[in-house]
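Every chain is numbered from 1, with letters handed out A, B, ... down the list of sequences.
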Number of protein chains: 2
Amino acid sequence: MTIADARPFAEPLDRLKRAGLRPTRQRLALTRLLFGRGDRHVSAEQLHAEAKAARFVVSLATVYNTLNQFTRAGLLREVVVEAGRSYFDTNTSDHHHVLTVATGSLTDIPVGTLAVSGVPKIPEGLEVERIDVVVRLRPRV
Amino acid sequence: MTIADARPFAEPLDRLKRAGLRPTRQRLALTRLLFGRGDRHVSAEQLHAEAKAARFVVSLATVYNTLNQFTRAGLLREVVVEAGRSYFDTNTSDHHHVLTVATGSLTDIPVGTLAVSGVPKIPEGLEVERIDVVVRLRPRV
DNA sequence: AACAATATTAGAATGGATCTAAAATATCTC
DNA sequence: GAGATATTTTAGATCCATTCTAATATTGTT
Ligand SMILES: [Mn+2]
Ligand SMILES: [Mn+2]
Ligand SMILES: [Zn+2]
Ligand SMILES: [Zn+2]
């Protein structure tokens with residue numbers, strides 16, 4: 001067991017500090033909710049509701065600010081699955097997703113499982129930032 | 001040259017009729033704009049502006065209605081690349097996309113070029129509806 | 001403690017998308 | 001073609017996720 005395992009919040013907070021974000025009460029509470037229980041895919045509204053349920057009142061504006069700052073700092077990844085709603089993913093590794101359209105539930109495909117081949121030549125001056133793969137599921141007919 | 005080549009609007013309109021949609025003036029005009037010049041990826045706002053520029057005034061509500069009806073009828077495919085905006089794709093074949101994030105421009109990857117392997121087992125009662133792949137490009141550092 | 005920098009917040013504003021319900025148009029029946 | 005019926009179009013209202021504003025609060029520094 002490493003020190004990181006024993007203090008699961010230490011690493012994100014270190015990265016926060018390195019990103020120039022002060023460890024405020026709000027950011028600490030949201031960090032605990034986000035990173036306290038394994039990989040998650042949450043919307044801003046969901047996280048806001050969770051904070052309220054945990055008796056930690058934080059404004060929706062701060063939830064959005066924090067999620068966007070964390071994303072810019074590389075602590076989170078934004079996943080867009082349908083127009084008008086985005087999920088924030090605590091798993092920032094290079095992985096892909098399965099979306100059950102009917103329920104809106106999003107799950108990870110383990111890293112290294114799914115592979116993409118035959119990516120076309122990229123125009124001069126540009127490079128691949130990321131490849132997003134979403135496997136969309138529907139009820140079997 | 002086949003008859004379909006000579007009458008490029010005939011096929012979409014036939015499909016429209018088969019889908020139970022009356023060929024109204026608005027739907028005809030939008031069909032011409034959508035399918036008149038090769039594969040396209042347009043937003044509702046864009047199409048609305050194009051109609052206005054072509055001196056065919058149509059309400060934004062009708063543009064949305066039409067795009068959604070066409071999508072349900074299989075004439076168009078909806079592509080979600082960023083939260084808050086969706087594109088309608090006149091290419092309904094099984095293909096993938098390259099997104100230049102900085103400009104928002106979306107281009108097709110030719111069918112058969114890009115391949116996805118290692119899709120995980122799908123839970124009982126569900127099946128793959130579609131696999132969306134978006135190659136996101138950024139300026140080279 | 002004093003000060004400057006940064007963060008939080010309520011509420012307003014934005015913008016894409018959908019809804020409403022009344023007027024217009026298309027199709028059907030005779 | 002006339003009249004009846006079904007569908008479509010439309011302006012404007014409404015929705016809803018997200019961002020913005022600008023006033024207040026907290027944080028880090030000296
Ligand atoms: Mn964002
Ligand atoms: Mn839609
Ligand atoms: Zn994920
Ligand atoms: Zn396409």
Side-chain angles (χ1 to χ4, degrees), chain A residues 12-14 16-33 41-52 54-73 75-89 104 106, chain B residues 13-14 16-34 41-52 54-73 75-89 104 106:
Chain A
L13 285 178
D14 285 351
L16 256 192
K17 280 184 194 165
R18 256 181 271 131
L21 294 171
R22 294 178 177 176
T24 64
R25 282 183 285 115
Q26 288 84 347
R27 292 204 271 238
L28 286 172
L30 295 176
T31 297
R32 266 176 221 118
L33 290 171
H41 303 88
V42 286
S43 70
E45 293 281 357
Q46 274 168 33
L47 185 60
H48 185 235
E50 281 182 23
K52 194 173 283 180
R55 300 248 146 62
F56 185 83
V57 177
V58 58
S59 77
L60 186 56
T62 295
V63 172
Y64 273 106
N65 288 342
T66 302
L67 288 172
N68 286 326
Q69 289 155 353
F70 281 22
T71 300
R72 253 179 268 126
L75 294 172
L76 293 174
R77 199 181 118 174
E78 198 170 356
V79 184
V80 177
V81 289
E82 43 183 340
R85 174 159 293 156
S86 59
Y87 291 90
F88 292 87
D89 191 344
L106 192 70
Chain B
L13 285 178
D14 285 351
L16 257 192
K17 280 184 194 163
R18 256 181 270 133
L21 294 171
R22 293 176 178 178
T24 64
R25 282 183 286 113
Q26 288 84 345
R27 291 205 271 239
L28 286 172
L30 294 176
T31 298
R32 266 176 220 118
L33 290 172
L34 283 168
H41 303 88
V42 286
S43 70
E45 295 280 356
Q46 274 168 32
L47 185 60
H48 185 234
E50 280 182 25
K52 194 173 283 182
R55 301 248 145 60
F56 185 84
V57 177
V58 57
S59 77
L60 186 55
T62 296
V63 172
Y64 273 106
N65 288 343
T66 302
L67 288 172
N68 285 327
Q69 289 155 352
F70 281 22
T71 301
R72 254 177 268 126
L75 294 173
L76 293 173
R77 199 181 118 173
E78 200 170 356
V79 184
V80 177
V81 288
E82 42 184 340
R85 175 160 292 156
S86 60
Y87 290 90
F88 292 88
D89 190 344
L106 192 70

So does [X] get a side-chain nitrogen or oxygen closer than 4.0 Å to the phosphate oxygens (OP1/OP2) of [N]?
| X | N | value |
| --- | --- | --- |
| T24(A) | dT8(C) | yes |
| Q26(B) | dT10(D) | yes |
| Y64(B) | dT18(C) | no |
| S86(B) | dA17(C) | yes |

In whole Å, I'd like the distance from the [atom1] atom of [X] to the [atom2] atom of [N].
| X | N | atom1 | atom2 | value |
| --- | --- | --- | --- | --- |
| K17(B) | dT27(C) | NZ | C1' | 12 Å |
| R27(A) | dT26(D) | CZ | P | 15 Å |
| L28(A) | dT26(D) | CG | P | 15 Å |
| N65(B) | dG12(D) | CG | P | 17 Å |
| Q69(A) | dC20(D) | CD | P | 13 Å |
| E45(B) | dT14(C) | CD | C1' | 13 Å |
| H48(A) | dG11(C) | NE2 | C1' | 13 Å |
| L30(B) | dT9(D) | CG | P | 9 Å |

Inset, instruction - Describe the nucleic acid contact of R22(A) in one word from base, sugar-phosphate, nothing, applying a heavy-atom distance below 4.0 Å. - result: base

Inset, instruction - Scan T62(A) against the nucleic acid and name what it touches under 4.0 Å (heavy atoms): base, sugar-phosphate only, or nothing. - result: base

Legend entry - No-hydrogen, no-angle side-chain donor-acceptor test under 3.5 Å, T62(A) and Q26(A): no

Inset, instruction - Assess the side chains of T71(B) and E78(B): does a donor N or O sit below 3.5 Å from an acceptor N or O? - result: no

Legend entry - Smallest separation among heavy atoms of H41(A) and Y87(A), with atom names: O-CD2, 3.8 Å

Legend entry - For L60(A) against A44(A), the heavy-atom pair lying closest together: CD1-O, 4.3 Å

Inset, instruction - Taking the side chain as every heavy atom from C-beta outward, state whether L30(B) and F56(B) have any pair of such atoms under 4.5 Å apart. - result: no

Legend entry - Residue whose nearest DNA chain C nucleotide is more 5′ - L60(B) or A61(A): A61(A)

Legend entry - Proximal nucleotide (of dT9(C), dT9(D), dT10(D)) relative to the V58(B) side chain: dT10(D)

